[in-house]
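The structure appears below as structure tokens.
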Amino acid sequence: MSSLTIGKLKLDGNLVLAPMSGVTNLPSRLLCRKYGASLVYSEMTSSEAVVRQSLKSIERGFTCKDERPMGIQLMGSVPENLAESAIFLQEKFRPELIDINFGCPAQGVIKNGCGSELLKKPGLIGEIIRMLSDSLDIPLTAKIRISDNFDETLKIAEIIEKSGADAITIHGRTQKQGYSGKSDLDFIKGIKSKLTIPVIANGDIFDEKTSQNVLEYTRCDGLMIGRAAIGNPFIFKKISYFLKTGEILPSRNTEERLGDFFDYVKLCRNYDMLTFNDLKRNAQWFTKGMENVKQVRMKINKTHDIDSIMAIMNGLV
Ligand SMILES: Cc1cc2nc3c(=O)[nH]c(=O)nc-3n(C[C@H](O)[C@H](O)[C@H](O)COP(=O)(O)O)c2cc1C
């Protein structure tokens with residue numbers, strides 16, 4: 001397995017945890033790092049909210065020694081505010097890098113001209129990347145979606161490279177697609193062949209086989225994994241083991257998956273991040289695919305407090 005170098009940051013592999021709003025909090029990132037993610041990203045944080053000193057947004061950048069290297073992802077469209085918030089977070093949490101979100105298709109984000117809406121303004125993307133790369137001491141990455149047109153997408157990637165980004169992640173879907181259809185590997189492969197900065201492929205990497213296919217087909221420098229890691233941090237161990245040895249590790253059995261869930265709870269308690277809503281979502285995610293899971297999930301659905309969820313999960317052991 002090759003290792004990925006982003007600016008001055010040398011990683012110990014090339015598997016990256018995707019930034020996922022409502023998912024990649026510190027405890028879940030720590031579990032993914034434990035199982036071999038080489039780099040993890042925070043949930044996206046609004047630069048406007050950071051500039052307003054919103055504590056909830058600032059705290060998304062909270063990190064600890066065990067999780068490094070980590071990147072904080074920022075979302076916004078005003079270059080000066082993105083730069084101000086990036087400098088603030090760089091000083092406060094000392095992340096290994098900052099990422100800018102040019103890919104989010106959510107209505108609430110694009111109506112403010114942020115996320116994937118910025119793909120319609122390549123000039124502004126260039127201005128944002130230039131201002132941030134000039135302002136930061138740490139590497140800068142950008143995460144994009146593709147547009148319908150290859151040349152247009154390539155132009156955006158080239159602007160990002162020329163303006164000073166140290167790496168780019170490409171999710172091979174358009175804004176309009178959301179999560180439907182397939183991630184377009186031809187776009188990713190074509191862009192990779194034209195850039196000199198590292199390119200990280202993203203979209204539909206779910207297991208050993210898809211990882212190998214995407215790496216071999218696109219010749220990208222790294223892989224970013226999102227949905228497959230939700231409630232399943234062990235995916236990083238499975239994939240990295242396969243890429244190193246060509247062998248497939250057995251999937252986690254129920255006991256092991258519950259062990260991961262209880263570790264998640266412990267980490268949430270350690271960092272004072274345990275909330276009912278988050279625990280309920282994670283209980284559903286960590287039990288996905290288990291035997292007789294339908295009834296368990298129905299029971300979890302009906303809970304109203306943390307103790308009830310823990311009683312159900314303890315009952316599965
Ligand atoms: C629940 C959820 C939240 C997401 N939040 C973010 C986010 O905050 N920032 C971002 O750049 N992408 C976000 N994404 C997109 C993922 O980072 C990734 O690009 C996408 O899921 C495709 O990768 P996958 O097929 O491995 O899941 C999110 C995706 C999901 C499913």
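Just so it is clear, the values below take in all heavy atoms, side chains as well, and ignore hydrogens, waters and symmetry mates. Index from 1, following the sequence. Ligands are counted one by one from 1 in listed order, and the atoms in each one are counted from 1 as well.
Listed by atom number, the atoms of ligand 1 under 4.0 Å from A18 heavy atoms are 17 (O). Near N101, meaning under 4.0 Å from any of its heavy atoms, are these atoms of ligand 1: 9 (N), 10 (C), 11 (O). Heavy-atom proximity to G203, at under 4.0 Å, picks out these atoms of ligand 1: 23 (O), 25 (O). With ligand atoms numbered from 1 in the order given, ligand 1 contributes 24 (P), 25 (O) to contacts under 4.0 Å with heavy atoms of D204.
The pair R257-D260 does not count as a salt bridge, with every side-chain nitrogen at least 4.0 angstrom from each carboxylate oxygen. Classification of D134 and R130 as a salt-bridged pair holds, one side-chain N sitting under 4.0 Å from a carboxylate O. Looking at K192 and D221, a side-chain N of the basic residue comes within less than 4.0 Å of a carboxylate O on the acidic one, giving a salt bridge. Taking a cutoff of 4.0 Å between a charged side-chain nitrogen and a carboxylate oxygen, E59 and K56 do not qualify as a salt bridge. The pair R68-E96 counts as a salt bridge, with a side-chain nitrogen and a carboxylate oxygen less than 4.0 angstrom apart. By the 4.0 Å N-to-carboxylate-O rule, R94 lies close enough to E91 to be salt-bridged with it.
P19 O, 3.1 Å is the protein heavy atom nearest to atom 6 (C) of ligand 1. Shortest contact from atom 26 (O) of ligand 1 to any protein heavy atom: G226 N, 2.8 Å. Considering only non-hydrogen protein atoms, atom 23 (O) of ligand 1 sits nearest to N202 ND2, 3.0 Å. If you check which protein heavy atom lies closest to atom 31 (C) of ligand 1, you get R227 CG, 3.6 Å. Summary of contacts: the protein heavy atom closest to atom 15 (C) of ligand 1 is Y179 OH, 3.2 Å.
In this structure, Y41 does not count as a contact residue of ligand 1, since none of its heavy atoms falls inside 4.0 Å of the ligand. Within the structure, ligand 1 lacks G22 among the residues with a heavy atom less than 4.0 angstrom away.
Taking only nitrogen or oxygen atoms, main chain and side chain alike, A228 does not reach within less than 3.5 Å of ligand 1. Where the criterion is an N or O separation shorter than 3.5 Å, residue side chain and backbone included, R173 fails it with respect to ligand 1.
Under the 4.5 Å side-chain heavy-atom criterion for Ile, Leu, Val, Met, Phe, Trp and Tyr, M290 and L279 are members of the same hydrophobic cluster. Transitive grouping of hydrophobic side chains (ILVMFWY, heavy atoms separated by less than 4.5 Å) keeps I128 and V51 in distinct clusters.
The heavy atom nearest to atom 5 (N) of ligand 1, considering only G178, G103, S21, is found in S21. Distances from atom 16 (C) of ligand 1 to the heavy atoms of K143, M44, E43 show the closest one on K143.
Taking every heavy atom of both residues into account, F187 and S147 meet most closely at CE2-O, 3.2 Å.
Heavy atoms of Q73 found under 4.0 angstrom from ligand 1 belong exclusively to the side chain.
N25 and Y264 share a donor-acceptor pair across their side chains, judged by distance under 3.5 Å alone.
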